[in-house]
Amino acid sequence: MRLRRAALVGNPNAGKSALFNALTGARQKIANYPGVTVERKAGRLTLPSGEPVELIDLPGSYALDAASPDEEVTRKVVMGEFPGEAQPDVMVVVLDASNLEQHLVFAQEIIELGRPTLVALNMVDLAERDGLVLDAKALEQALGVPVIETVAVRRRGLAELAAAIETAERSALLEPEGHPRPHITLPERRLTAHNIAQGAILSETAQHRLHSRLDNILLNPWIGPVILLALLFVMFQAVFAWATPFADALESVIGWAIAWVDATLPNSFLANILPAGVLGFLHDFLTQGVLNGVGSVIVFLPQIVILFAFILAMEASGYMARAAFLMDRLMAYVGLSGRSFIPLLSSFACAIPGIMATRSIADPKDRLTTILVAPLMTCSARLPVYAVIIAAFIPNTKVGPGIGLQGLVLFGLYLAGIVGAMVVALILRRSVTRGQASGFIMEMPKYQMPRLRDMAIGLWQRAWIFLRRAGTIIFTVTVLLWLLLSFPKAGPGESQVEVSVAGRIASGIEVVVKPIGFNHEIALALVPAMAAREVAVSSLATTYAVGAENEDEAALALGEKLSSRWSLPTALAFLAWFVFAPQCLSTIAVARRETNGWKWPVFMLLYLFALAYIFAGITYWSAVALGL
Ligand SMILES: Nc1nc2c(ncn2[C@@H]2O[C@H](COP(=O)(O)OP(=O)(O)OP(=O)(O)O)[C@@H](O)[C@H]2O)c(=O)[nH]1
Ligand SMILES: [Mg+2]
């Protein structure tokens, strides 16, 4: 028998994904701003009768005449035009109870389709908080469909909702042909929405005052940007200051593990069954490739977690949407809209979800420009690269009360990425993606206190993504590199790194990057780092471990090895390179998919490498000229 299907539809930020997660146990991203979900996602929900249905989470939408690619998905699924999918059997319209009038406009359009429909009146807790008492029964009568009150994030009303889906679904079986209701125009729908909302509101007290006062401050054209900048500043200070003890602890664990392998392996049972050559190979593989290489990336876990703690708190509280609003003027100035802000912001985690999030931008040229500059936003994969260089070369001193120089430099690198993106956008909008800047309309979500549990889950997910990368792609590439570094074996008086396969390839690349101050080890790290930026760190760690002349040298931490071998201009040029360089094949692949061709990803690759080369060169030569 065919698995029956129910779709969650409604305005952006109504809580569809939160309901979807609560009902199916999925872990879809939810955040307190519109435009989070950009794809259709399916999950399984078991009804009270034990029968499974397929539940579909959709991008938020304001109407069925879709403007942006994500709304197009919603329209197609709802109308049964999505390739390979029949129209959903049940429509679950999700409404924000505290924003009823606005959300009822699209709800009517869905109800008019004549499919079995029910309404999840979500966020009733926020409505209550704001002093709004609603009459669900009146709403039910006015809309002509069942209304169930829910609080997705507290799992309130879920059983009732599942039961309602079941009964709605039964009626779907009885009347396969729905009876479409008369179609009305948008102004009529707006008027009806107003009347229905008025009829459903039992009482209302003005408790919005605190929040509007908060908005007066946070959105103030002068104070707002200062607060935003201060917040980001604190965030980068924290990334260094708070992480240090944890990172140090992780580093000593890895050092201890290396010492343990050194001490244990020659005396273990393996020494009896393996030939000496194989045992040596195993030892080097474990210490140089795995512990030094992959371990050098894992020590940055605390930094990643702290960064995301800030980002998640800003997302959940509703502050992020305010930041988008503040940035809208600046964005308009470079020819982008505030709509681009959220995708660009997501790119701070990773350019891949950032590029996906551009689906909520209706204007194709706006969208293309945003895709092209997204890789300039500093993704979390750059953090280990920046952090290792900063820790090795920038003294841990204070330049003012509570202001550490290291955090300041990190802040500067992030800023360089943002300024770079803005300048490139400005140039692109005047040339290859010329066009009118589209307007910005984004409703401000309600302020909410971030829930500790959601934060913990979100942080755990980010940490897991990072560790999984370390265990899969970073591990694989580092081990491959270690193999290429270990063979062929050096003769007496030769350097292992120089004679190895990897070393010879690097010597070819070194010719190209020598003018910008890069050495042999950096040249060696650049190619494997195309797989993932963090590999730059593990490559350096592995290369120096393989090249170490004695055990004392091998035991030094990566930072110590770097600071004794690289000049400051080289280190700074390396940082400048990573601000721009498109060292990530997955980003290129996603850009290809989202722009339907190779033209734009190739363009992106070329312009970013050119910028990286130019700016690394400028940095190196200026630093040399300044005598650093
Ligand atoms: N207080 C409260 N918050 C909720 C409730 N449901 C969702 N939220 C919060 O509202 C925000 C938006 O939720 P999402 O599930 O991302 O909304 P969505 O409808 O999927 O939004 P789009 O994907 O942008 O269309 C998140 O911060 C949720 O934590 C609720 O019932 N009560
Ligand atoms: Mg969603």
Side-chain angles (χ1 to χ4, degrees), residues 7-24 26-43 55-63 66 68-75 77-78 92-100 102-103 106-107 110 119-130 132 134 148-158 160-161 211 311-322 324 339 342-343 345-346 353 356-361 442-458:
L8 295 163
V9 258
N11 287 37
N13 213 39
K16 297 175 296 300
S17 301
L19 267 179
F20 179 77
N21 286 353
L23 287 168
T24 64
R27 289 279 165 88
Q28 281 295 309
K29 178 166 174 77
I30 61 170
N32 198 7
Y33 52 75
V36 178
T37 310
V38 291
E39 277 185 306
R40 103 183 232 302
K41 282 279 182 241
L55 193 65
I56 305 161
D57 183 25
L58 291 170
S61 197
Y62 294 99
S68 54
D70 62 338
E71 288 185 308
E72 177 81 17
V73 171
T74 300
R75 188 184 65 84
V77 171
V78 166
V92 182
V93 178
V94 185
L95 297 182
D96 172 357
S98 61
N99 215 346
L100 199 54
Q102 205 177 31
H103 283 217
F106 184 44
I110 298 295
V119 165
L121 187 61
N122 194 37
M123 302 200 178
V124 282
D125 59 331
L126 287 186
E128 282 161 18
R129 184 191 76 181
D130 291 346
L132 202 64
L134 293 171
I148 294 95
E149 295 188 45
T150 59
V151 180
V153 289
R154 298 205 196 291
R155 309 186 62 89
R156 236 168 75 190
L158 295 188
E160 292 85 345
L161 190 63
H211 292 157
I311 293 183
L312 288 175
M314 291 203 272
E315 279 186 354
S317 61
Y319 181 72
M320 232 25 140
R322 269 83 189 175
R339 274 247 162 263
I342 297 286
L345 203 99
S346 312
M356 303 267 291
T358 62
R359 290 184 188 180
S360 65
I361 303 174
M442 181 157 127
E443 52 187 301
M444 290 296 130
K446 293 206 152 29
Y447 285 110
Q448 290 217 49
M449 206 57 190
R451 265 171 300 273
L452 222 57
R453 190 171 163 275
D454 291 356
M455 288 279 296
I457 293 176

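Just so it is clear, the structure is predicted and the values come from calculations on it, not from any experiment. Ligands are counted one by one from 1 in listed order, and the atoms in each one are counted from 1 as well. All heavy atoms count here, side chains included; hydrogens, waters and symmetry mates do not. Numbers here simply count residues along the sequence, with the first being 1.
- Using a 4.0 Å cut-off between heavy atoms, Gln448 contacts ligand 1 through its side chain alone, with no backbone atom that close.
- With a heavy-atom cut-off of 4.0 Å, Ala152 touches ligand 1 through backbone and side chain alike.
- Under the 3.5 Å distance criterion, the side-chain polar atoms of Ser61 are matched with a main-chain donor or acceptor of Ala63.
- Looking at Arg359 and Glu72, no side-chain N of the basic residue comes within less than 4.0 Å of a carboxylate O on the acidic one, giving no salt bridge.
- For atom 23 (O) of ligand 1, the closest non-hydrogen atom on the protein side is Thr37 OG1, 2.7 Å.
- In Pro445, neither the side chain nor the backbone holds a heavy atom less than 4.0 Å from any atom of ligand 1.
- Residue Leu126 approaches ligand 1 through these ligand atoms, each under 4.0 Å from one of its heavy atoms: 1 (N).
- For the pair Gln28 and Lys16, the minimum side-chain heavy-atom distance is 4.5 Å or more.
- Residue Thr37 counts as close to the Mg ion (ligand 2), with an N, O or S atom under 2.8 Å.
- Look at Ser17 and the Mg ion (ligand 2): an N/O/S atom of the residue is under 2.8 Å from the metal.
- Both the backbone and the side chain of Asn13 come within 4.0 Å of ligand 1, counting heavy atoms alone.
- Within the 4.5 Å cutoff, the side chain of Val153 has no heavy atoms near those of the Gln448 side chain.
- At the top of the distance list for atom 8 (N) of ligand 1, counting protein heavy atoms only, stands Met123 CE, 3.6 Å.
- From the protein, the heavy atom lying nearest to atom 19 (O) of ligand 1 is Lys16 NZ, 2.6 Å.
- The Pro34 neighbourhood of ligand 1 comprises atoms 24 (O), with distances under 4.0 Å to a heavy atom of that residue.
- The closest side-chain heavy-atom distance from Glu160 to Thr150 is not below 4.5 Å.
- Annotation: side chain of Arg156 is in contact with side chain of Val124 (closest heavy-atom distance under 4.5 Å).
- Of the polar atoms of Pro12, none of the N or O atoms is found under 3.5 Å from an N or O of ligand 1, judged by distance alone.
- Protein heavy atom nearest atom 6 (N) of ligand 1, with residue, atom name and distance: Asn122 ND2, 3.1 Å.
- Any N or O atom pair closer than 3.5 Å counts here, and Ser17 shares at least one such pair with ligand 1.
- The shortest contact between atom 28 (C) of ligand 1 and any protein heavy atom is with Ile30 CD1, 4.0 Å.
- When only non-hydrogen protein atoms are considered, atom 15 (O) of ligand 1 lies nearest to Ala18 N, 2.7 Å.
- Although no hydrogens or angles enter the test, the distance criterion places a donor-acceptor pair under 3.5 Å between the side chain of Arg155 and the main chain of Ala22.
- Residues Ile342 and Ser360 have side chains not in contact (no heavy-atom distance under 4.5 Å, counting atoms from C-beta outward).
- Atom numbering of ligand 1 starts at 1 in the shown order; those under 4.0 Å from a heavy atom of Gly35 are 24 (O).
- At a 4.0 Å heavy-atom cut-off, ligand 1 touches Asp125 through the side chain alone.
- The Gly60 neighbourhood of ligand 1 comprises atoms 25 (O), with distances under 4.0 Å to a heavy atom of that residue.
- Inter-residue side-chain proximity for Leu158 and Leu19 is flagged as met; some heavy-atom pair is nearer than 4.5 Å.
- Proximity of Arg451 to ligand 1, defined as any heavy-atom pair under 4.0 Å, is confined to the side chain (atoms from C-beta onward).
- The side-chain heavy atoms of Val78 and Leu58, taken from C-beta on, include a pair separated by under 4.5 Å.
- When side chains are defined from C-beta on, Asp96 does not count as touching Asn13, because their heavy atoms never get closer than 4.5 Å.
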Task: Residues Glu315, Lys29; criterion side chain to side chain contact (heavy atoms under 4.5 Å, CB included); working and verdict - done: CA-CA 11 Å; Glu315 279 186 354; Lys29 178 166 174 77; 2.8 Å; yes
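- The contact set between ligand 1 and Val151, taken as ligand atoms under 4.0 Å from a residue heavy atom, comprises 30 (C), 31 (O), 32 (N).
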Task: Asp130 vs Lys446, side chain to side chain contact (heavy atoms under 4.5 Å, CB included): CA-CA, chis, key distance, verdict - done: CA-CA 10 Å; Asp130 291 346; Lys446 293 206 152 29; 2.8 Å; yes
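- For atom 17 (O) of ligand 1, the nearest non-hydrogen atom of the protein is Gly15 N, 3.2 Å.
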